[in-house]
Amino acid sequence: MSTRNLRVDGDRLWASLMEMARIGATEKGGVCRVALTDLDRQGRDLFRRWCEEAGCTVRVDPMGNMFARRPGRDPSRDPVGTGSHLDSQPTGGKFDGVYGVLAGLEVVRTLNDRGIETEAPVELCVWTNEEGARFPPAMVGSGVFAGVFSLDYGHSRADHDGKTQGEELARIGYLGDAPLGHAFGAYFEAHIEQGPILENAGKTIGIVTGAQGTRWYDVILTGAESHAGPTPMELRRDAMAGAGEILAALYRIALDRPPHGRATVGEFRLHPGSRNTVPGRIEFSVDLRHPDGPTLESMDADLKALVARVAAARGLEHEVVDIWLSPPVAFDAGCVDAVRKGAAALGHEAMEVVSGAGHDSVYLSRVAPTGMVFIPCEGGISHNEVENATPADVTAGCDVLLHAMLDRAGVVA
Ligand code: GLV
Ligand code: MN
Ligand code: MN
């Protein structure tokens, strides 16, 4: 059967996205569906029901990753996978992650509507805790699947209240028993770009050639609590004064490596948090990114030297805890080409891009030929409740995903 003119049902995909967005909906129009909360469970349950209604068999592995399989003609072939994540940032949007999951579901629904049989099975994936917002690091579910992290490591990651991922997976009923790790013939992920490149260039499709590298840290500065009034400035060991000096210089680590260097401090905790006590302890997160591996390593060295220098000058103890390193990756040339061909066949304006964000595909690419499809998001804004994408772009990205997957899975004549 010719699938050349095959298109997904964009209205149905949009309706599913909006229905899923009601789970954890925020007043400002975004979504708060943080990993392994009751809302995450509700999102997973809805996805499972939709997959079963579409005739898929759903399995869950011990890291809570979900796999919904549509059989192919040849059961001996490894499946062509697709998916993303259903967890969100605390103030997240309606598209980050969930778009890739529901685009995969729309591919399966479209194949069902047309009675199309693929040679290889097709498998929809939901990866646990991609965001890393509650349990750092990011991409833990796909990382355990790909053997980057052990299952013990995944289960033992804890949130600020000391609750672990293993406990929370069991609590929400997603500590599964499917075998951990299996092969894919190819893997594709559709995602909003989360940056401004496609919109500024007037393109509909991003052919993602790889992803930049990321390093996460916790910086801990320890001084001494003392009274805000009687303690002379020169006698203080003020953790806040040290943090201020570090922050003033930290952004230069990225700014001095234009245009790709990135530095973000997104979490900040000070103790004891009393207005008339000199803070004795500060903890803050640092996220450094660059597409070039050696440059990212030089940023790492600069951060560690900066913290050591300021701490020594101010009589503070310091720790820079390495939380996560995700090196830059290049995706599989064949999968990148399948995305390129799909966009061209459908007549979409497309360009090659390197992902600025981390994605489960980064870890999938260690165990399977992998590619990604990006679509623009309004103003390039993501990790924000106003995150938005147009129905036309959402549909176009899903059409390209469909064609890339069929290219790899093969269609029974
Ligand atoms: C994932 O959202 C990331 O931090 O890039
Ligand atoms: Mn995402
Ligand atoms: Mn995200």
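Just so you know, ligand 1 is whichever comes first in the structure, and atom 1 is the first atom listed for that ligand.
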Inset, instruction - Please answer whether the main-chain N or O of Gly334 pairs with a side-chain N or O of Arg408 as donor and acceptor at a distance below 3.5 Å. - result: yes

Inset, instruction - Record the part of His359 in heavy-atom contact with ligand 1 below 4.0 Å; permitted values are side chain, backbone, both and neither. - result: neither

Legend entry - Pair Phe135 + His155: ring centers closer than 6.0 Å: no

Inset, instruction - Mind checking whether Ala138 contacts ligand 1 via backbone (N, CA, C, O), side chain (CB onward), both or neither, at a 4.0 Å heavy-atom cut-off? - result: neither

Legend entry - Residue and atom name of the nearest protein heavy atom (relative to atom 1 (C) of ligand 1), distance in Å to one decimal: Glu130 OE2, 3.6 Å

Legend entry - Location of contacts on Arg289 toward ligand 1, heavy atoms closer than 4.0 Å: side chain

Legend entry - Atoms named by residue and atom, protein N, O or S, within reach of the Mn ion (ligand 2) (under 2.8 Å): His85 NE2, Asp96 OD1, His191 NE2

Legend entry - Qualifying residue, where the test is salt bridge (charged side-chain N to carboxylate O under 4.0 Å, His left out) with Lys203 and the options are Glu352, Glu193, Glu349: Glu349

Legend entry - Distance filter under 4.0 Å to Gly358 heavy atoms, resulting ligand 1 atoms: 1 (C), 3 (C), 5 (O)

Inset, instruction - Give the residue and atom name of whichever protein heavy atom lies nearest to atom 2 (O) of ligand 1, and the separation in Å to one decimal. - result: Glu131 OE1, 3.1 Å

Inset, instruction - Have a look at ligand 1 and work out which part of Gln89, if any, has a heavy atom under 4.0 Å from it: side chain, backbone, both or neither. - result: neither

Legend entry - For the student: nearest non-hydrogen atoms of Pro328 and Gly293, plus distance: CG-N, 3.6 Å

Legend entry - Side chain Ser382, main chain Gln194, donor-acceptor under 3.5 Å: no

Inset, instruction - Give a yes/no on ligand 1: does Gln194 have at least one heavy atom closer than 4.0 angstrom to it? - result: no

Legend entry - Atom indices of ligand 1, in the order listed, that fall short of 4.0 Å to a heavy atom of Ala357: 5 (O)

Legend entry - Test item: side-chain donor near acceptor, Asp292 and His260, under 3.5 Å: no

Inset, instruction - Please confirm whether the backbone N or O of Tyr153 pairs with a side-chain atom of Arg157, one donor and one acceptor, at under 3.5 Å? - result: yes

Legend entry - Residue of the set Leu303, Leu306, Leu221 for which side chain to side chain contact (heavy atoms under 4.5 Å, CB included) holds with Val320: Leu303

Legend entry - N/O donor-acceptor pair under 3.5 Å between Arg44 side chain and Ile172 backbone: no

Inset, instruction - Indicate whether the side chain of Glu168 and that of Thr164 have a donor and an acceptor atom separated by less than 3.5 Å. - result: no

Inset, instruction - Give a yes/no on ligand 1: does Met139 have at least one heavy atom closer than 4.0 angstrom to it? - result: no

Legend entry - Pairwise side-chain hydrogen bond (donor to acceptor under 3.5 Å, both in side chains) hits with a residue in residues 60-71, at least two apart: Asp61-Asn65, Arg69-Glu123, Arg70-Asn112

Inset, instruction - Please could you name the atoms of ligand 1 that His383 approaches to less than 4.0 Å, counting only its heavy atoms? - result: 2 (O)

